[in-house]
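Every value quoted in this text rests on a predicted model; they were computed, and no experiment measured them.
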Amino acid sequence: READDFQRDPGMAPRLTPAADLPAEGMAGPFFGALTKPLGFALNPRKYAGGLARAAEAAGARLYAPAPVQGLARDSDGWRLDLPGAALHARRVIVATNGYSAEDVPRWMRARFMPAASNVIVTRPLTGAELQAAGWTSGQMAYDTRQLLHYFRLMPDNRFLFGMRGGIFDRPRERARLARQIRADFEAMFPAWKGVETPWLWSGLVCLTRPLTPFVGAVPGEPGLFAGFGYHGNGVAMGSYAGRLLADLVRDRAPETIYPAAMRDAPGRFPLGRFRRAALVPAYAMRARADR
């Protein structure tokens with residue numbers, strides 16, 4: 001059904017691979033088949049962010065870090081941003097903190113975003129024999145169709161990256177539990193690599209909104225304040241797209257690229273306010289049970 005949906009878009013003709021043919025394509029595993037989408041590519045997000053920063057500086061932007069904004073309020077000529085030991089005045093402000101947003105900077109953000117953790121492990125470089133043992137030799141980017149999905153790919157230096165969703169709170173005990181869970185899922189999917197070390201582990205916060213679409217635009221009722229957030233784990237692409245839109249909007253220009261209606265409406269607030277993340281606990285439990 002998904003293949004049929006993609007075929008309606010020019011340049012998006014997908015390719016279906018039956019399970020029996022996956023080993024020949026270097027993608028063996030406990031899978032029922034594969035759907036390959038022809039558009040897309042892999043990149044290193046940290047290097048990409050660094051490249052964007054260098055390009056911004058070359059264009060005249062001044063970057064300061066760490067510089068946490070602890071308060072945001074209207075003043076006579078725009079906005080006052082309170083920082084530790086200093087204040088900054090700006091005619092226009094863009095809030096682009098996604099899953100790391102605060103409830104009160106500005107207060108409009110309160111309960112409009114839902115942070116959730118995504119977790120990644122990376123193996124040491126795998127030998128040719130180890131790759132053959134698992135039957136995974138493809139450089140294809142992949143994700144499965146679980147509700148709490150896994151995403152994985154073989155990197156150019158033969159390290160294997162394996163990520164998963166499912167974290168809720170960024171606390172030491174939760175991080176330890178997720179480290180055990182992601183390793184167990186990795187070994188279940190690729191049992192030939194049970195003895196392979198995964199020396200790299202990290203996690204980060206993705207950002208959900210109630211309508212499950214990003215918001216990009218002016219903050220209602222707050223002249224000079226703009227926001228972009230809610231990329232649902234697709235921030236490398238959607239964050240870049242939102243930045244391009246905001247670069248025009250903040251200068252009162254009509255966007256040069258498509259500005260979808262779904263991204264213009266301010267998302268409503270989640271129930272339970274600051275306790276809203278607790279609602280993910282039963283929701284994630286139900287999804288995990290359905291995945292099993």
Side-chain angles (χ1 to χ4, degrees), residues 49 52-53 56-57 59-116 170 204-277 279-280:
L52 289 176
E57 288 184 313
R62 287 181 290 175
L63 308 182
Y64 297 91
V69 177
Q70 299 171 326
L72 180 65
R74 296 284 305 175
D75 67 10
S76 59
D77 189 29
W79 294 89
R80 186 188 76 249
L81 294 81
D82 296 322
L83 292 85
L88 178 69
H89 295 268
R91 287 186 295 110
R92 299 199 168 185
V93 173
I94 296 174
V95 178
T97 39
N98 205 42
Y100 295 87
S101 299
E103 297 288 290
D104 57 351
V105 185
R107 286 189 59 81
W108 178 84
M109 290 293 297
R110 180 170 55 86
R112 295 187 192 274
F113 65 99
M114 177 79 80
D170 187 22
L205 296 177
V206 301
C207 183
L208 317 179
T209 65
R210 196 168 181 184
L212 299 180
T213 53
F215 171 71
V216 180
V219 173
E222 300 288 1
L225 186 61
F226 299 79
F229 63 94
Y231 308 131
H232 301 84
N234 295 288
V236 172
M238 288 308 304
S240 302
Y241 198 86
R244 184 175 178 182
L245 290 170
L246 286 165
D248 288 327
L249 295 173
V250 77
R251 293 180 292 172
D252 296 324
R253 297 181 179 179
E256 294 180 352
T257 189
I258 297 172
Y259 186 15
M263 299 171 69
R264 302 184 189 194
D265 295 332
R269 291 189 168 97
F270 286 96
L272 305 181
R274 64 190 180 95
F275 301 107
R276 64 192 179 278
R277 294 172 81 174
L280 286 179

*How far apart are the closest heavy atoms of Leu208 and Phe270, and which atoms are they?*
O-CE1, 3.8 Å
_Leu249 and Tyr259: CA distance, side-chain angles, deciding distance, side-chain contact (heavy atoms from CB on, under 4.5 Å) verdict_ = CA-CA 10 Å; Leu249 295 173; Tyr259 186 15; 3.7 Å; yes
*asked:* With heavy-atom distances below 4.5 Å as the criterion, would you say the side chains of Met114 and Arg277 are in contact?
replied: yes
*Over all heavy atoms of both residues, which pair between Gly204 and Tyr100 is shortest? Give the atoms and the distance, please.*
CA-OH, 3.4 Å
*List the atom of Arg110, the atom of Arg269, and the distance in Å for their closest heavy-atom pair.*
O-NE, 2.7 Å
_Heavy-atom pair of closest approach, residues Gly99 and Leu205_ = O-CD1, 3.6 Å
*Do the ring centers of Trp108 and Phe215 come within less than 6.0 Å of each other?*
yes
_Nearest 0.5 angstrom please: Thr213 OG1 to Arg264 CZ, how far?_
13.0 Å
*Would you say the side-chain atoms of Arg210 pair up with the backbone N or O of Pro267, donor to acceptor, closer than 3.5 Å?*
no
_Heavy-atom pair of closest approach, residues Gly217 and Leu246_ = N-CD2, 4.1 Å
*asked:* Taking CZ in Arg91 as the centre, count heavy atoms belonging to other residues, nucleotides or ligands within less than 6.0 Å. Is the count above 12?
replied: no
*Could you please spell out the steps behind the side-chain contact (heavy atoms from CB on, under 4.5 Å) verdict for Phe226 and Val95?*
CA-CA 6 Å; Phe226 299 79; Val95 178; over 6 Å; no
*Judged by atom type as modelled, is there a donor-acceptor pair below 3.5 Å linking the side chain of Arg251 to the main-chain atoms of Ala247?*
yes
*Should Phe113 and Glu103 be marked as a side-chain contact (heavy atoms from CB on, under 4.5 Å) after you check the CA-CA gap, both sets of side-chain angles, and the distance that decides it?*
CA-CA 9 Å; Phe113 65 99; Glu103 297 288 290; 3.3 Å; yes
_I'd like to know if the side chain of Asp82 and the backbone of Leu72 have a donor-acceptor N/O pair within less than 3.5 Å._
no
*Any side-chain heavy-atom pair of Arg74 and Pro223 under 4.5 Å*: yes
*In terms of heavy-atom contacts, does CD1 of Ile258 have more than 12 from other residues, nucleotides or ligands at under 6.0 Å?*
no
*Looking at Pro271 and Arg276, what are the two nearest heavy atoms and their distance?*
O-CB, 3.2 Å
*Does the side chain of Cys207 come within less than 4.5 Å of Ser101's, by heavy atoms?*
no
*Would you confirm whether Asp75, through its side chain, and Asp77, through its main-chain N or O, come within 3.5 Å as a donor-acceptor pair?*
yes
*Which is it for Asp104 and Arg274 under the salt bridge (Lys or Arg N to Asp or Glu O under 4.0 Å) test, yes or no, and what are the steps along the way?*
CA-CA 11 Å; Asp104 57 351; Arg274 64 190 180 95; over 6 Å; no
*Should the heavy atoms of other residues, nucleotides or ligands under 6.0 Å from CZ of Arg107 be counted, would the total exceed 12?*
no
_Under the criterion side-chain contact (heavy atoms from CB on, under 4.5 Å), I'd like the reasoning laid out for Phe229 against Thr209: C-alpha separation, chi angles, the key distance, then a yes or no._
CA-CA 8 Å; Phe229 63 94; Thr209 65; 3.9 Å; yes
*Determine whether Pro106 and Leu225 make a side-chain contact, defined as any pair of heavy atoms from C-beta on separated by less than 4.5 Å.*
yes
*Value rounded to 0.5 Å, distance of NE2 in His232 from CG in Asn98*: 9.0 Å
